[in-house]
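Counting starts at 1 for both ligands and their atoms, following the listed order.
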Amino acid sequence: MKTILALLAGATFALAATAASAQTLKTVKDRGELVCGVSKGLPGFSAPDASGKWTGFDVDVCRGLAAAIFNDPNKVKFVPLSADERFPALTKGDVDMLSRNSTWTLEREAKLGLLFTAINYYDGQGFLVRDARKVTSALELDKSKVCVQAGTTAEDNTKDYFAANGMTLELVTLPTSTDLVKAYEEGKCDTLTTDVSQLYALRLTMAKPGDHIVLPDVISKEPLGPVVRQGDDQWFNLVKWTIFGMINAEELGVSTTTIDAALASKKPEVIRLVGNDGKFGEQLGVSNDFVVRIVKAVGNYGESFERNVGAASKLGIPRGINQLWSMGGIQYAPPVR
Ligand SMILES: N[C@@H](CCC(=O)N[C@@H](CS)C(=O)NCC(=O)O)C(=O)O
């Protein structure tokens, strides 16, 4: 009997939890702002500028989503989270979503109960070294002291890579990216490792960025994208289609400079994208012109990439495999229809 009661109580709790967590869009609308988990300060991805305003490629996803919901990209509260803090914060409900250079892995979904919505940056892990050392490949890093941030995929990847190549290492694990950079600059390690995009970002925060090079080796797959809790399909869909909306807008030539022309377009795909045909926004719980709102607020995928992290930005990252599939890359979004 006790077992049956316990089972029933468990089932009721599970139902209640699902019902409660299935309300994220309503909660956000009632609250009047989106609460978005971001990194603590990665230039180009998410960092406050001199006036305290959060900007970056990851920040644009939050602002784009706020624009879709409220027609106002400023209705976002940014919660800076370290790698260790991010998933517990999302699970507990401290944030509505994460847009924080997080790698999509099996465990983070199946064990932590989270869902990756889409891949908006295809990355891979690399190494940063002092140029003066004249190292040209990660295979020359045998017996190195390697600085890495706790709670990241980089911790295990690094051990795997050194073991697979018959090399030994001493891992120096730091809690935040500030500690990571400090330890590396103080010479407490020979190399710093994380996703290549973050190496570019962290190098900018160093005293002499030009003294450090990113080695050409990429040792892992790091598919990065926004994350939500399981159990709320409506919210999952909306975050996912915010990314897909931005990618489709680029593919169809809909940008901050062409948005007015797009609203008058006669092309069926563009007519659907901007909400002049169909009820696609309503089906997601927002207005039918949600992609127009997103593009006006932060631009399409390519505009956000180039402005924040692209070749002409301070980070200077080539578009590479993050180019659209139709342009030789692998960025590909399902159609709005
Ligand atoms: N993509 C990897 C690494 C993500 C990560 O947290 N990288 C660190 C290394 S730079 C970072 O972004 N730190 C910024 C922060 O803690 O604010 C993962 O999901 O585990």
Which option, Arg108, Gln149, Gln198, Gln125, owns the non-hydrogen atom nearest atom 7 (N) of ligand 1? Gln198
By number and element, which atoms of ligand 1 are closer than 4.0 Å to a non-hydrogen atom of Arg86? 4 (C), 18 (C), 19 (O), 20 (O)
Interfacing atoms of ligand 1 (cut-off 4.0 Å, heavy-atom, Leu224): 1 (N)
Any ion pair linking Lys182 and Glu186 (charged N to carboxylate O, less than 4.0 Å)? yes
So is Ser102 close enough to ligand 1, meaning a heavy atom under 4.0 angstrom away? yes
Between Thr152 and ligand 1, which residue portion shows a heavy-atom distance shorter than 4.0 Å: side chain, backbone, both, or neither? both
of all protein heavy atoms, closest to atom 12 (O) of ligand 1 is Asn101 ND2, 2.7 Å
Any chance the side chains of Gln125 and Thr158 put a donor and an acceptor closer than 3.5 Å? yes
Minimum non-hydrogen distance to atom 1 (N) of ligand 1, winning option of Asp195, Leu180, Thr105: Asp195
So, is the end of the Arg203 side chain (NZ or CZ) under 6.0 Å from the ring centre of Tyr200 and within 45° of the ring's axis? yes
Which residue and heavy atom of the protein sit nearest atom 10 (S) of ligand 1, plus the separation: Leu202 CD1, 3.3 Å
For atom 17 (O) of ligand 1, what is the nearest protein heavy atom, given as residue, atom name and distance? Lys40 N, 2.6 Å
For ligand 1, which atoms, with element, lie under 4.0 Å from some heavy atom of Thr103? 1 (N), 2 (C), 18 (C), 19 (O)
The single option from Asp58, Asn101, Thr194, Thr205 that satisfies side chain to side chain contact (heavy atoms under 4.5 Å, CB included) with Leu42 is Asn101
Is any NZ, NE, NH1 or NH2 atom of the basic residue among Asp156 and Lys159 found under 4.0 Å from an Asp or Glu carboxylate oxygen of the other? yes
Taking N or O atoms only and a 3.5 Å limit, does Ser39 qualify as a polar contact for ligand 1? no
Pairing of Asp190 and Arg130 as salt bridge, 4.0 angstrom limit: no
Ion pair check, Arg319 and Glu250, cut-off under 4.0 Å: yes
Per-atom contacts of ligand 1 with Arg100, taking only distances under 4.0 Å to non-hydrogen atoms: 5 (C), 6 (O), 11 (C), 12 (O), 13 (N), 14 (C), 15 (C), 16 (O), 17 (O)
Could Arg100 and Phe87 be counted as a cation-pi pair, given that NZ or CZ must be under 6.0 Å from the ring centre and within 45° of the axis? no
